[in-house]
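Everything below concerns the one structure shown next.
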Number of protein chains: 2
Amino acid sequence: MEFSSKLLEKTIDVFASLPGIGRKSALRLALHLLKIDTDSVQEFTTAITNMKTHIRSCQRCHNISDNPVCHICEDARRDKSLICVVENIKDVMAIESTAQYKGLYHILGGIISPIEGVGPSDLTIDSLLQRIQEQEVKEIIMAISPTIEGDTTIFYISKKIKNLPIKVSTLARGISFGGELQYADELTLGRSIVTRIPYKSE
Amino acid sequence: MEFSSKLLEKTIDVFASLPGIGRKSALRLALHLLKIDTDSVQEFTTAITNMKTHIRSCQRCHNISDNPVCHICEDARRDKSLICVVENIKDVMAIESTAQYKGLYHILGGIISPIEGVGPSDLTIDSLLQRIQEQEVKEIIMAISPTIEGDTTIFYISKKIKNLPIKVSTLARGISFGGELQYADELTLGRSIVTRIPYKSE
């Protein structure tokens with residue numbers, strides 16, 4: 001499709017460069033912005049520019065934050081002896097939305113992956129070790145995907161802190177709540193039999 | 001979901017205000033913009049701002065254009081005696097993408113709709129009548145949706161030019177090419193029998 005305006009075409013190009021937006025959606029979005037009032041369009045671009053310019057990473061846990069220290073790290077009601085180590089900020093959001101966890105986080109910014117050229121020094125592992133030294137940490141929860149890279153990362157970190165009096169745990173794995181046995185994958189089902197837990201009547 | 005940054009939240013809000021983008025997609029887009037380099041984000045916002053600031057409407061046909069007169073109106077190869085009247089710029093794009101039409105356009109900017117408070121003076125009908133006076137026009141093609149409002153608009157315009165030596169036509173309507181009879185709606189099928197055309201073996 002040829003457009004009568006290079007300015008429109010450029011806007012379609014930049015929208016279409018975003019993940020999950022094709023050229024037809026990009027056209028619809030561009031025409032929408034053309035139709036609405038100029039103030040709303042300015043609000044749109046200003047929000048993005050402000051976010052990109054002013055957002056920062058929490059100097060303690062590396063979560064995204066508007067301030068030097070994020071609101072989770074500054075929350076006095078949270079258990080500071082508990083650190084949940086995750087790969088990225090989406091994982092923090094997922095865990096926070098469960099409202100089940102009241103400790104702190106540490107965002108690695110990725111996992112160790114020799115194939116993609118990500119080594120321990122590219123992650124915030126040193127900063128995690130420093131936090132453990134400065135702060136009285138009793139337990140580290142490794143909330144990292146059970147892939148080869150994830151396991152390598154967990155192994156690397158746990159080895160670094162093995163001489164410290166810190167408990168290391170990982171997330172419980174097994175059949176989903178509400179999941180039917182016949183639809184569970186073999187690996188999960190097999191391991192959930194091996195790691196079976198005592199029955200508790202509640 | 002609670003976010004650790006008001007700046008991020010604001011960006012999610014503005015993305016989610018766009019048509020067809022929910023809050024989950026908005027989050028994904030915002031995190032994408034956070035991840036990519038600052039220059040790309042600036043390119044994104046600049047493209048939108050430039051479009052909104054500098055795009056204008058062609059002073060002849062009211063199509064969107066980067067110049068006072070759009071490239072279709074300025075194209076010497078186009079038949080200037082033929083004007084296709086459409087509701088909006090999306091219709092121009094749809095017709096242009098067929099590559100079957102070599103005349104000019106006139107974008108009304110809407111259709112007459114008393115319910116929505118749109119009268120003839122809100123549309124570019126006066127400008128169309130002026131074009132007809134100034135330019136030698138032989139035929140006007142009414143490429144407007146066959147709704148009550150569309151028919152009213154066609155009726156209004158055709159009445160205004162009925163004393164001029166101009167042919168008025170509308171788009172052919174009937175069964176789609178490749179469409180199966182059993183899936184055609186009753187109105188289209190019924191009217192396509194009434195307005196049947198002589199068979200031509202090609």
Side-chain angles (χ1 to χ4, degrees), chain A residues 1-15 17-21 25 27-36 38 40-56 58 61 63-67 70-73 88-90 92-94 96-97 99 105, chain B residues 1-15 17-21 25 27-36 38 40-56 58 61 63-67 70-73 88-90 92-94 96-97 99 105:
Chain A
M1 203 183 273
E2 200 190 312
F3 298 103
S4 56
S5 161
K6 294 278 165 219
L7 294 166
L8 174 67
E9 208 165 341
K10 179 72 192 164
T11 303
I12 292 168
D13 287 345
V14 295
F15 266 118
S17 74
L18 299 180
I21 296 187
S25 302
L27 169 62
R28 198 186 58 226
L29 295 173
L31 292 180
H32 173 80
L33 292 181
L34 269 183
K35 207 172 64 185
I36 61 176
T38 309
S40 302
V41 175
Q42 212 184 344
E43 189 189 348
F44 179 77
T45 53
T46 306
I48 292 168
T49 306
N50 275 346
M51 176 187 78
K52 191 68 184 174
T53 316
H54 299 300
I55 219 165
R56 49 175 104 189
C58 169
C61 73
N63 192 4
I64 51 169
S65 172
D66 297 346
N67 303 307
C70 80
H71 76 113
I72 294 176
C73 286
N88 58 46
I89 50 175
K90 281 185 202 168
V92 174
M93 289 176 188
E96 280 297 283
S97 68
Y105 293 93
Chain B
M1 204 183 274
E2 200 190 311
F3 298 103
S4 55
S5 161
K6 295 279 165 216
L7 295 166
L8 173 67
E9 208 165 341
K10 178 72 192 164
T11 303
I12 292 168
D13 287 344
V14 295
F15 266 118
S17 74
L18 300 180
I21 296 186
S25 303
L27 168 62
R28 198 188 55 227
L29 295 173
L31 291 181
H32 174 79
L33 291 181
L34 269 184
K35 207 171 62 183
I36 62 176
T38 308
S40 303
V41 174
Q42 210 183 349
E43 189 189 349
F44 179 77
T45 55
T46 307
I48 292 168
T49 307
N50 276 346
M51 176 187 77
K52 191 69 183 174
T53 316
H54 299 298
I55 218 164
R56 48 175 104 191
C58 169
C61 75
N63 192 4
I64 50 169
S65 171
D66 297 346
N67 303 309
C70 79
H71 77 113
I72 295 176
C73 286
N88 57 47
I89 50 176
K90 280 185 205 171
V92 174
M93 290 176 188
E96 281 297 284
S97 69
Y105 292 94

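Computed from a predicted structure; not experimentally measured.
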Please report the interatomic distance CG(Leu18(A)) to CD1(Ile36(B)), rounded to the nearest 0.5 Å.
7.0 Å
Greatest number of heavy atom pairs closer than 4.5 Å to chain B - which of [options]:
| options | answer |
| --- | --- |
| Pro19(A), Ala99(A), Ala30(A) | Pro19(A) |
| Asn67(A), Leu31(A), Thr45(A) | Thr45(A) |
| Ala47(A), Ser65(A), Ser40(A) | Ala47(A) |

Note, Leu29(B) side chain near Ile21(A) side chain (heavy atom, < 4.5 Å)
yes
So, do Leu8(A) and Met93(B) sit near enough that their side-chain heavy atoms are less than 4.5 Å apart?
yes
Would you call the rings of Phe44(B) and Phe44(A) parallel, tilted or perpendicular, taking 30° and 60° as the class edges?
tilted
Are Ile55(B) and Thr11(A) close enough, and set up right, to give a side chain to side chain contact (heavy atoms under 4.5 Å, CB included), and what steps lead you there?
CA-CA 11 Å; Ile55(B) 218 164; Thr11(A) 303; over 6 Å; no
Tell me whether Lys6(B) contacts the main-chain N or O of Asp66(A) through its side chain, where contact means a donor paired with an acceptor under 3.5 Å.
no
List in chain and number order the residues that pass salt bridge (charged side-chain N to carboxylate O under 4.0 Å, His left out) with Lys10(A), two or more places apart in sequence or in another chain; answer none if no residue qualifies.
Glu43(B)
May I ask you to name which of Arg28(B), Lys52(B), Gln42(B), Arg56(B) has the most heavy-atom pairs under 4.5 Å with chain A?
Lys52(B)
What residues form a side chain to side chain contact (heavy atoms under 4.5 Å, CB included) with Asn50(B), not counting sequence neighbours?
Leu7(A), Thr46(B), His54(B)
In terms of heavy-atom proximity below 4.5 Å to chain A, should [X] be classed as side chain, backbone, both, or neither?
| X | value |
| --- | --- |
| Ser17(B) | backbone |
| Ile64(B) | both |
| Ile72(B) | neither |

